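Inspection log for the structure reproduced underneath, given as structure tokens.
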Amino acid sequence: MSLTLDSYRLLGRSGLRVSPLALGAATFGTEWGWGAERDEARKLFDHYVERGGNFIDTANTYTNGSSERLLGEFTRDNRESLVLATKYTTLRRPNDPNSGGPHRKNLFASVESSLRQMNTGYIDLLYLHVWDFTTPVEEILRGMDDLVRQGKVLYVAISNAPAWQVSRMQAIADLRGWSPLVALQIEYNLIERGGERDLIPMAREMGLGVIPYSPLAGGVLTGKYSRDDLTPADAASGDGTRKSFNFARGTLTERNLAIADVVQEVATELGRTPAQVGLAWTLLNPGVTAPVIGARTPAQLADNLGALEVGFTAAQLSRLDAASAVGLGYPHDMLASDMGRAFAQGDLKVEARR
Ligand SMILES: NC(=O)c1ccc[n+]([C@@H]2O[C@H](COP(=O)([O-])OP(=O)(O)OC[C@H]3O[C@@H](n4cnc5c(N)ncnc54)[C@H](OP(=O)(O)O)[C@@H]3O)[C@@H](O)[C@H]2O)c1
């Protein structure tokens, strides 16, 4: 594989051109304990843009609003050349039920807040951040479409939702002539491959580009953690570091460190870093448009951008696959079995060409 940040790709079924790696801005600001100060964040932004990157990912509440505010400052001179993606639904004010959630009131208020924080007249890509299992989807889709018609949002998308609901929403949007969802942002990496069951195949079928987040599983795939970090007393100390966050999320486990070991072995064989191998692997899935890089320092960003040049041998890919595979479960296992195929098609040979 040899890509560059200016090897642009179309995002899902849209005509929007985006870089094959997005720049994650959840590390812009230190309010969450592990991010970058303003000047360091500026360097991350400048380096990414100088290399041809145009796809920036944030959310209304990242680092308590600092991420969007810093982006508003950094994009003052080149706003139009960038694809700014942000998200809504997370609670903006404690104990105020309508300051969060996917419903129309919060959708409109949150977009106004993001426009103010980013000092811009429009958002290129707006994601529903976290599905709540309660808001009627027609209310969400109609609200998103209204914002598109007003020109405040150009494209809409979704993150953290079950495949059955996204697929249903896309069908409703299509039938009503509302703006379709053009991207699906999901956690996808060598430690979390659950998206391969339904989310990624659904996205390919319905025209959503897959945007993997946490491509390095919060840093676990970079090889920076050891078995000593599995000790709760140390790692879960709640000291606000990325390590204690990873531990609290359940990402620091023996299984996951064993996957990181294989990533390290492959990286050594290729003369690459584990971060480059982990990121490059996410780019191989044909449903993936652009993973979101989560660098905290310029050195990490430069390292991660090297993923665009990594190529694997078939043997290396099988080792990574064997270490990280997830069972697809029912009905996929049944449908792929000899019995399932015989039930579906008898002796006929039918090939879908997509
Ligand atoms: N839609 C959602 O719900 C959602 C959720 C999460 C993230 N996101 C998006 O995805 C972006 C990336 O997520 P993420 O931060 O979880 O990504 P990640 O790449 O899995 O983890 C990033 C962390 O790993 C470490 N790291 C990164 N590159 C490294 C390198 N080359 N060498 C050593 N350590 C390295 C850094 O932590 P330390 O140096 O502190 O160890 C960094 O903060 C976010 O900025 C955000 O835009 C979206």
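Counting starts at 1 for both ligands and their atoms, following the listed order. In this text, all values refer to a predicted model and were calculated from it rather than measured experimentally.
Within the structure, ring pair (Phe, Tyr, Trp, His ring centres under 6.0 Å) pairs that include any residue of residues 198-220 do not occur (at least two apart or interchain). Residue pairs meeting the salt bridge (charged side-chain N to carboxylate O under 4.0 Å, His left out) criterion with at least one partner in residues 94-115, sequence neighbours excluded, are Arg93-Asp96, Arg104-Asp146, Glu112-Lys152.
At a heavy-atom cutoff of 4.0 Å, ligand 1 is surrounded by Gly24, Ala25, Ala26, Thr27, Asp57, Tyr62, Lys87, His129, Ser159, Asn160, Gln185, Tyr213, Ser214, Pro215, Leu216, Ala217, Gly218, Gly219, Thr222, Lys224, Arg242, Ala275, Val292, Ile293, Gly294, Arg296, Gln300, Asp303, Asn304.
Gln316 and Arg319 are not linked by any side-chain donor-acceptor pair at a separation below 3.5 angstrom, with hydrogens and angles left out of the test. For the residue pair Arg92/Ser113, the side-chain donor-acceptor check at 3.5 Å is not satisfied.
Applying the salt bridge (Lys or Arg N to Asp or Glu O under 4.0 Å) rule to Glu31 yields no partners; only residues at least two apart in sequence or on another chain are considered.
Atom CD of Glu254 has more than 12 neighbouring heavy atoms from other residues, nucleotides or ligands inside a 6.0 Å radius.
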